[in-house]
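Residue numbers run from 1 in the order of the sequence given. In each ligand, atom 1 is the first atom listed, and ligand 1 is the first ligand listed.
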Amino acid sequence: MGVTELYWIIVYIVAIGIAGIIYCYWHRRVEVKFLSRLINQLRTQNKVRQALNINHIPFRYIPLYVQLQQLLNTLPPPAGRDKLTGLINRVGLKSQLTRLMPVTEGTFVLIDIYRFRYVNDLFGFSFGDKLLLAMSERLKRQVSEQDMLARMNEDEFLIFFKTPLNETQLSVLQHTLQQPVSINDTLINLQIQVGYLDLSLYHSDVSQMLRRLDLALVRAKSSSNLVASYREGDDISQHRQLTLISCFPKALKNNELYMVYQPKYNVAGGNCRHAEALIRWNSSALGPVSPGEFIPLLECAGMISMLSQWVIEQVLMQLRQWKRSGLVIQVAVNLAIDDLNGNQLSESIIAQLKQYDLSADLFAIEITESQLMTDMTRAVAVLNKLKRAGVNVAIDDFGTGHSSLAYLKLLPVDEVKIDKAFLDNIDDDKRGLHILKSAIELAKGLDFSVTVEGVETQTVFDMLCDMDVDKIQGDLYAKPMTAAELEMNWRKLNRAEL
Ligand code: C2E
Ligand code: MG
Ligand code: MG
């Protein structure tokens with residue numbers, strides 16, 4: 001071997017050595033990077049699979065990776081982190097916010113998935129979890145590095161936007177979040193409610209700000225565009241609302257609630273064969289409280305079914321008493337959409353009608369058009385059952401709920417109650433009268449019986465008698481009255497028959 005050849009062999013060996021050193025150095029860096037990410041994951045105890053791509057893991061670490069992942073899945077979530085989504089949870093949020101609070105600008109946003117618990121009921125928890133994960137991914141895309149995203153409880157998420165957002169921008173966010181989600185090939189329509197708080201206007205301590213944000217969300221739930229801000233004074237009205245909700249179960253036991261009945265005028269017979277049962281509450285703590293105030297609260301607090309069961313029982317007892325004394329009348333009770341969750345209510349009504357020995361056509365239910373629209377599929381099954389059993393089903397406050405005409409004819413409904421709003425200004429507004437006539441015509445065309453509500457003047461009453469209307473309800477014919485008053489006025493209400 002010559003000197004030149006030896007030289008090249010040495011060069012070759014040195015080059016391989018350098019390449020080996022570079023490779024080892026690079027490989028070590030990859031490993032260190034992987035391990036530090038793994039340790040980071042361990043710290044936050046998120047699922048490793050979500051953050052690491054298995055292809056990037058050095059081969060010899062795969063068994064360790066799998067073992068760690070199994071271990072992580074069995075560990076409880078760390079304080080401050082939500083196990084399902086990996087987001088900051090309510091506990092973590094408080095400490096993060098306390099740290100953040102010197103900041104005096106920005107927008108807090110509280111986001112709620114409307115009726116999420118029905119998704120859980122209907123499709124099961126694992127389906128519900130997938131929906132929550134999809135929502136958290138959707139939310140992550142809406143925030144920047146400086147913002148903060150947290151999961152407050154089951155279906156409520158909070159975002160702190162460092163750059164303030166106005167209501168228009170939040171409406172766009174609401175619209176984006178509310179796009180249908182596909183889970184297991186099922187397309188889920190969402191309704192997203194957004195409450196917000198402008199930090200520059202309402203900067204205070206963390207718990208007060210979170211409380212105010214909750215109030216903003218309550219306001220959003222009843223606002224038409226589902227986005228609302230906290231307003232000064234919401235705290236005071238919340239105090240009354242909480243008192244009403246907490247007093248209610250006791251009030252029911254202490255007979256502070258009672259029923260009144262508003263007779264409906266039967267146009268064809270000139271008589272009275274129907275009435276609507278309306279609840280009244282004379283609270284020992286707060287005096288008379290109108291149903292317009294406490295019913296939405298009970299609905300919000302998930303307590304409406306407690307009232308509905310009580311009302312149904314009172315009405316059926318009253319009907320039995322009237323039947324025994326020969327007074328024949330059909331009475332309608334108002335139900336909320338939450339009452340139509342599952343078969344429980346329809347089965348209990350049918351069983352109670354038997355128990356009280358009443359024929360089903362003496363009983364009717366009313367459900368408002370707007371409530372019906374919130375969960376039509378669920379309502380239809382229950383309404384069908386009641387209708388088949390012979391119970392009269394009516395859509396209440398028709399014309400206020402923007403129902404789709406295509407749906408209307410599919411609904412198992414006997415009667416449509418045209419809302420009082422249709423009567424406003426019909427005396428001096430030709431278009432108003434035209435709209436009323438069209439609503440009546442539409443309902444009649446779909447074979448519904450038609451009742452017009454809120455009739456207060458003789459002129460309107462006479463006008464309606466000449467139209468294709470079946471029943472007229474309003475203070476002119478009869479105001480809501482107790483059962484005893486209705487018995488006393490029975491002859492007067494049926495004077496055309498005398
Ligand atoms: P609704 O079912 O549409 O009942 C008709 C409302 O209009 C009643 O108000 C009645 O008193 C009122 N009204 C009737 N005729 C006239 C009139 O000529 N002029 C005016 N200005 N008002 C008239 P009320 O009793 O205050 O009830 C308000 C709403 O509260 C009801 O509207 C119904 O949605 C709800 N509600 C009442 N009782 C119950 C109940 O037992 N259960 C449920 N879930 N909701 C109820
Ligand atoms: Mg009603
Ligand atoms: Mg009504």
Check: Starting from atom 35 (C) of ligand 1, which protein heavy atom do you reach first, and at what distance in Å?
Finding: Ile295 CD1, 4.0 Å
Check: Under 4.0 Å from any heavy atom of Glu456, which atoms of ligand 1 are there?
Finding: 17 (C), 18 (O), 19 (N), 20 (C), 21 (N)
Notebook entry, point to check: Which bit of Lys417 is near ligand 1, meaning a heavy atom under 4.0 Å away: side chain, backbone, both or neither?
Noted result: neither
Margin query: Strictly less than 4.0 Å: does any protein heavy-atom distance to atom 29 (C) of ligand 1 fall in that range?
Written below: no
Notebook entry, point to check: Is the closest side-chain donor-acceptor distance between Asp339 and Ser308 under 3.5 Å?
Noted result: yes
Check: Quick one: does Gln473 get an N or O within less than 3.5 Å of an N or O on ligand 1?
Finding: no
Note to self: Starting from atom 31 (C) of ligand 1, what is the nearest protein heavy atom, named by residue and atom, and what distance separates them?
What the structure shows: Leu278 CD2, 4.3 Å
Notebook entry, point to check: Within the structure, does at least one protein heavy atom fall under 4.0 Å of atom 7 (O) of ligand 1?
Noted result: no
Margin query: For the 3.5 Å polar cut-off, considering only N or O atoms, please tell me whether Thr368 and ligand 1 meet it.
Written below: no
Check: What is the nearest protein non-hydrogen atom to atom 16 (C) of ligand 1, stated with its residue, atom name and distance?
Finding: Asp475 OD1, 3.3 Å
Checklist line | Whether Tyr261 and Trp322 hold their rings parallel, tilted or perpendicular, with breakpoints at 30° and 60° | finding: perpendicular
Check: Would you say Ser290 touches ligand 1, if touching means a heavy atom closer than 4.0 Å?
Finding: no
Next item on the list: Output yes when the distance from some N or O of ligand 1 to some N or O of Glu276 is under 3.5 Å, and no in every other case.
Entry: yes
Next item on the list: May I ask you to identify the nearest protein heavy atom to atom 3 (O) of ligand 1, giving residue, atom name and distance to one decimal place in Å?
Entry: Asp397 OD1, 3.0 Å
Check: Among Ile312, Leu358, Asn392, whose side chain to side chain contact (heavy atoms under 4.5 Å, CB included) with Phe363 holds?
Finding: Ile312
Note to self: Counting C-beta onward and ignoring hydrogens, is there a side-chain heavy-atom pair between Leu353 and Val391 closer than 4.5 Å?
What the structure shows: yes
Check: Yes or no on side chain to side chain donor-acceptor pair (under 3.5 Å) for Asp82 and Thr85, after CA distance, side-chain angles and deciding distance?
Finding: CA-CA 6 Å; Asp82 169 48; Thr85 59; 2.4 Å; yes
Checklist line | For Pro291, the ligand 1 atoms whose distance to one of its heavy atoms is below 4.0 Å | finding: 24 (P), 25 (O), 26 (O), 27 (O), 30 (O), 37 (C)
Notebook entry, point to check: Around atom CD of Gln344, are there more than 12 heavy atoms of other residues, nucleotides or ligands at under 6.0 Å?
Noted result: no
Note to self: Run the side-chain contact (heavy atoms from CB on, under 4.5 Å) test on Lys253 and Lys250 for me, step by step, so that the C-alpha distance in whole Å, both residues' side-chain angles and the decisive distance to 0.1 Å come before the verdict.
What the structure shows: CA-CA 5 Å; Lys253 276 198 197 116; Lys250 227 163 144 198; 5.6 Å; no
Notebook entry, point to check: Hey, which protein N/O/S atoms does the Mg ion (ligand 2) have under 2.8 Å?
Noted result: Glu276 OE2, Asn334 OD1, Glu366 OE1, Asp396 OD2
Checklist line | Note, Asp475 side chain near Gln262 side chain (heavy atom, < 4.5 Å) | finding: yes
Next item on the list: Look at ligand 1 and say whether Gln262 reaches it with a heavy atom at a distance under 4.0 Å.
Entry: yes
Next item on the list: Determine whether the side chain, the backbone, both or neither of Val260 has a heavy atom under 4.0 Å from any heavy atom of ligand 1.
Entry: neither
Next item on the list: Give the numbers and elements of all ligand 1 atoms closer than 4.0 Å to a heavy atom of Gly474.
Entry: 15 (N), 18 (O)
Next item on the list: Pick whichever of Ile312, Leu335, Asn334 has a heavy atom sitting closest to atom 42 (N) of ligand 1.
Entry: Asn334
Notebook entry, point to check: At a non-hydrogen distance cut-off of under 4.0 Å, which region of Lys479 contacts ligand 1 (side chain, backbone, both, or neither)?
Noted result: neither
Notebook entry, point to check: Can you tell if the side chain of Leu345 reaches within under 4.5 Å of the side chain of Gln309, non-hydrogen atoms only?
Noted result: no
Check: What residue and atom, counting heavy atoms only, is the protein's closest point to atom 41 (O) of ligand 1, and at what distance?
Finding: Ile279 CB, 3.5 Å
Check: For ligand 1, which atoms sit closer than 4.0 Å to a heavy atom of Asp396?
Finding: 1 (P), 2 (O), 3 (O)
Check: Would a 4.0 Å cut-off, counted as strictly less than, catch a protein heavy atom around atom 1 (P) of ligand 1?
Finding: yes
Next item on the list: Under 4.0 Å from a heavy atom of Pro480: give me the atoms of ligand 1 that qualify, with their elements.
Entry: 11 (O)
Next item on the list: Please tell me if the side chains of Leu335 and Glu366 come closer than 4.5 Å, counting only heavy atoms from C-beta onward.
Entry: no
Check: Would a search of protein heavy atoms around atom 21 (N) of ligand 1 find one under 4.0 Å away?
Finding: yes
Item checked: Any His274 side-chain heavy atom under 4.5 Å of Lys471 side chain -> yes
Note to self: Is any side-chain heavy atom of Ile111 closer than 4.5 Å to one of Leu139?
What the structure shows: yes
Note to self: When you compare ligand 1 with Lys420, is there at least one nitrogen or oxygen pair between them that comes in under 3.5 angstrom?
What the structure shows: no
Notebook entry, point to check: Just going by heavy-atom distances, which of Glu453, Gln314, Glu293, Lys264 is nearest to atom 5 (C) of ligand 1?
Noted result: Glu453
Check: Have Glu276 and Gln473 got a donor and an acceptor in their side chains that come within less than 3.5 Å?
Finding: yes
Checklist line | Interfacing atoms of ligand 1 (cut-off 4.0 Å, heavy-atom, Val311) | finding: 41 (O)
Notebook entry, point to check: Less than 4.0 Å between a side-chain N and a carboxylate O, is that true for Asp357 and Lys323?
Noted result: yes
Next item on the list: For Glu293, enumerate each residue passing the side chain to side chain donor-acceptor pair (under 3.5 Å) test, keeping only those at least two apart in sequence or located in another chain.
Entry: Arg240
Check: Looking at side-chain heavy atoms only, is the closest gap between Leu442 and Phe398 below 4.5 Å?
Finding: yes
Next item on the list: Apply side-chain contact (heavy atoms from CB on, under 4.5 Å) to Leu165 and Tyr196, showing your working.
Entry: CA-CA 9 Å; Leu165 261 66; Tyr196 70 97; over 6 Å; no
Notebook entry, point to check: Right, does atom 12 (C) of ligand 1 have protein non-hydrogen atoms nearer than 4.0 Å?
Noted result: no
Check: Heavy atoms, side chains only, cut-off 4.5 Å: are Met209 and Arg212 in contact?
Finding: no
Note to self: Could you walk me through whether Val109 and Phe161 satisfy the side-chain contact (heavy atoms from CB on, under 4.5 Å) test, starting with their C-alpha distance in whole Å, then the side-chain angles of each, then the deciding distance to 0.1 Å, before giving a yes or no?
What the structure shows: CA-CA 8 Å; Val109 179; Phe161 286 107; 3.8 Å; yes
